[in-house]
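Computation of the quantities below employed the complete heavy-atom set of this structure, encompassing side-chain atoms and omitting hydrogens, waters and symmetry-equivalent molecules.
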Amino acid sequence: MSQPPPNPPLSRPVRWSFAALAIGLTVMLLIGRSLEPDPRGHGSHERLGLAPCSYLTATGRFCPFCGATTAVAEVTRGRLVRAWRANPAGALLGVLAGPLIVWLVLGVWTRRPIGFRRPGTPLVGL
């Protein structure tokens with residue numbers, strides 16, 4: 001029986017992209033950990049000196065991103081239910097960031113997309 005061909009090596013621009021994404025996700029988790037989550041379930045980003053959500057201010061309704069920073073801050077503290085209540089997408093991003101960082105760093109290190117034939121397959125899926 002023939003074995004499947006090995007994963008093709010990642011190009012230099014793709015490896016740089018992997019490294020940049022891994023750094024960005026790491027910074028996101030570090031910032032989330034440094035912020036105290038807002039008890040309202042949204043608005044934690046204001047503690048970084050950012051303005052309140054303009055959509056919420058103008059309409060009185062939450063935008064799809066309201067609560068995402070709070071959700072990541074809650075995930076870094078292991079409070080997954082509170083993170084989900086703040087923003088389900090932000091909670092998923094916070095939970096998946098760790099394994100994705102490991103996968104990206106391994107891809108940069110080995111120069112291959114670990115577990116996939118092409119690097120876009122898992123990234124597009126996420």
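Side-chain contact between Leu93 and Met28: present, with at least one pair of heavy atoms (C-beta onward) separated by less than 4.5 Å. Taking 4.5 Å as the limit, every side-chain heavy atom of Thr69 sits out of range of all side-chain heavy atoms of Glu46. Using a 4.5 Å cut-off on side-chain heavy atoms (C-beta onward), Ile23 and Ile101 make no contact. Looking only at side-chain heavy atoms (C-beta outward), Pro37 and Arg77 come within less than 4.5 Å of each other. Residues Trp103 and Pro113 are in side-chain contact: their nearest non-hydrogen atoms beyond the backbone lie under 4.5 Å apart. Here the side chains of Pro9 and Arg112 are in contact, with some heavy-atom distance below 4.5 Å.
For Phe65, the ring pair (Phe, Tyr, Trp, His ring centres under 6.0 Å) criterion is met by no residue, not counting sequence neighbours. The salt bridge (charged side-chain N to carboxylate O under 4.0 Å, His left out) search around Arg85 returns none, not counting sequence neighbours. In this structure Arg15 satisfies the salt bridge (charged side-chain N to carboxylate O under 4.0 Å, His left out) test with no other residue, sequence neighbours excluded.
Both Ile114 and Leu104 sit in one connected hydrophobic cluster of ILVMFWY residues. Membership requires side-chain heavy atoms under 4.5 Å apart, directly or through other members. The hydrophobic clustering, which links ILVMFWY residues whose side-chain heavy atoms are closer than 4.5 Å, places Leu30 and Leu100 apart. Note: the hydrophobic cluster containing Val95 does not contain Val105 (ILVMFWY, side chain heavy atoms under 4.5 Å, direct or indirect links). Both Val14 and Val102 are assigned to one and the same hydrophobic cluster, defined by single-linkage of ILVMFWY side chains at heavy-atom distances under 4.5 Å. Transitive grouping of hydrophobic side chains (ILVMFWY, heavy atoms separated by less than 4.5 Å) brings Leu106 and Leu10 into a common cluster.
Looking at every heavy atom in both residues, Leu35 comes nearest to Ala73 through O-CB, 4.0 Å. Taking both residues in full, the closest heavy atoms of Ala71 and Ala91 are given as CB-N, 3.6 Å, listed atom of the first, atom of the second, then distance. For Cys53 against His45, the heavy-atom pair with the smallest separation is N-NE2, 4.0 Å. The nearest pair of heavy atoms linking His42 to Cys66 is CB-C, 4.4 Å. Of all heavy-atom pairs between Leu29 and Thr76, the closest is O-CG2, 3.6 Å. Taking all atoms of both residues into account, the shortest heavy-atom contact from Ala22 to Thr26 is O-OG1, 2.8 Å.
Counting only N and O atoms by type, the side chains of Thr70 and Ser44 include a donor and acceptor under 3.5 Å apart.
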- Query: What's the verdict on side-chain contact (heavy atoms from CB on, under 4.5 Å) for Trp84 and Leu92, showing C-alpha distance, side-chain angles and the deciding distance?
  - Reply: CA-CA 8 Å; Trp84 186 265; Leu92 287 174; 4.0 Å; yes

